[in-house]
Peer 1: 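Have a look at this one before I ask anything.
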Amino acid sequence: MAIITVAAAISGIVLGWVGKTKAFKAEVVQEATADASLHTDVSYIKRGIDDIKVDVRIHGQRMEGFAERLTRVEESAKQAHKRIDEMKE
């Protein structure tokens, strides 16, 4: 009877250890998967931000070009008004 009790205790310890080891390995795999997914998401966000920065830079350059052209158009209109005023007199 004592042998059966000792065998049951030892098998309980072994089965508990095996179950705990399996659970630990599954947890490690799950954490690694979550970390990889998070890393991929962050990389995707970084690329998106880089694309937005490029777009903003391009729009800034276009706005500078428009501002320069607008200044020239305003100067031209001013000169045209002066010529029209001179013609009226």
Peer 1: Taking only residues two or more places apart in sequence or in another chain, which ones pass side chain to side chain contact (heavy atoms under 4.5 Å, CB included) with Ser43?
Peer 2: His39, Arg47

Peer 1: Test: side chain to side chain donor-acceptor pair (under 3.5 Å). Region: residues 66-78. Which pairs qualify, not counting sequence neighbours?
Peer 2: Glu68-Arg72

Peer 1: Other than Ile49, which residues form its hydrophobic cluster under the rule that side-chain heavy atoms must be closer than 4.5 Å?
Peer 2: Ile45

Peer 1: Please output the side-chain donor-acceptor pairs of residues 19-33 that fall under 3.5 Å, not counting sequence neighbours, one pair per line with the distance.
Peer 2:
unit_1, atom_1, unit_2, atom_2, d
Thr21, OG1, Trp17, O, 2.8
Thr33, OG1, Val29, O, 2.9

Peer 1: Could you tell me the separation between the CD atom of Glu86 and the CD1 atom of Ile84, rounded to the nearest 0.5 Å?
Peer 2: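 Atom-to-atom, Glu86:CD and Ile84:CD1 are 10.5 Å apart.
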
Peer 1: Within a 6.0 Å radius of atom CD1 on Ile3, are there more than 12 heavy atoms belonging to other residues, nucleotides or ligands?
Peer 2: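 Counting other residues, nucleotides and ligands, CD1 of Ile3 stays at 12 neighbours or fewer.
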
Peer 1: Which residues satisfy the side chain to side chain contact (heavy atoms under 4.5 Å, CB included) test with Val54, sequence neighbours excluded?
Peer 2: Arg57, Ile58

Peer 1: Mind checking side chain to side chain contact (heavy atoms under 4.5 Å, CB included) for Val6 and listing every partner two or more places apart, or none if nothing turns up?
Peer 2: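 Residues passing side chain to side chain contact (heavy atoms under 4.5 Å, CB included) with Val6: Ile10.
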
Peer 1: Distance check, rounded to the nearest 0.5 Å: Phe66 atom CZ versus Gln61 atom CD?
Peer 2: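 Going from the CZ atom of Phe66 to the CD atom of Gln61 covers 12.5 Å.
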
Peer 1: Which distance, rounded to the nearest 0.5 Å, do you find between the CG of Asp41 and the NZ of Lys46?
Peer 2: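 The CG atom of Asp41 sits 13.0 Å away from the NZ atom of Lys46.
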
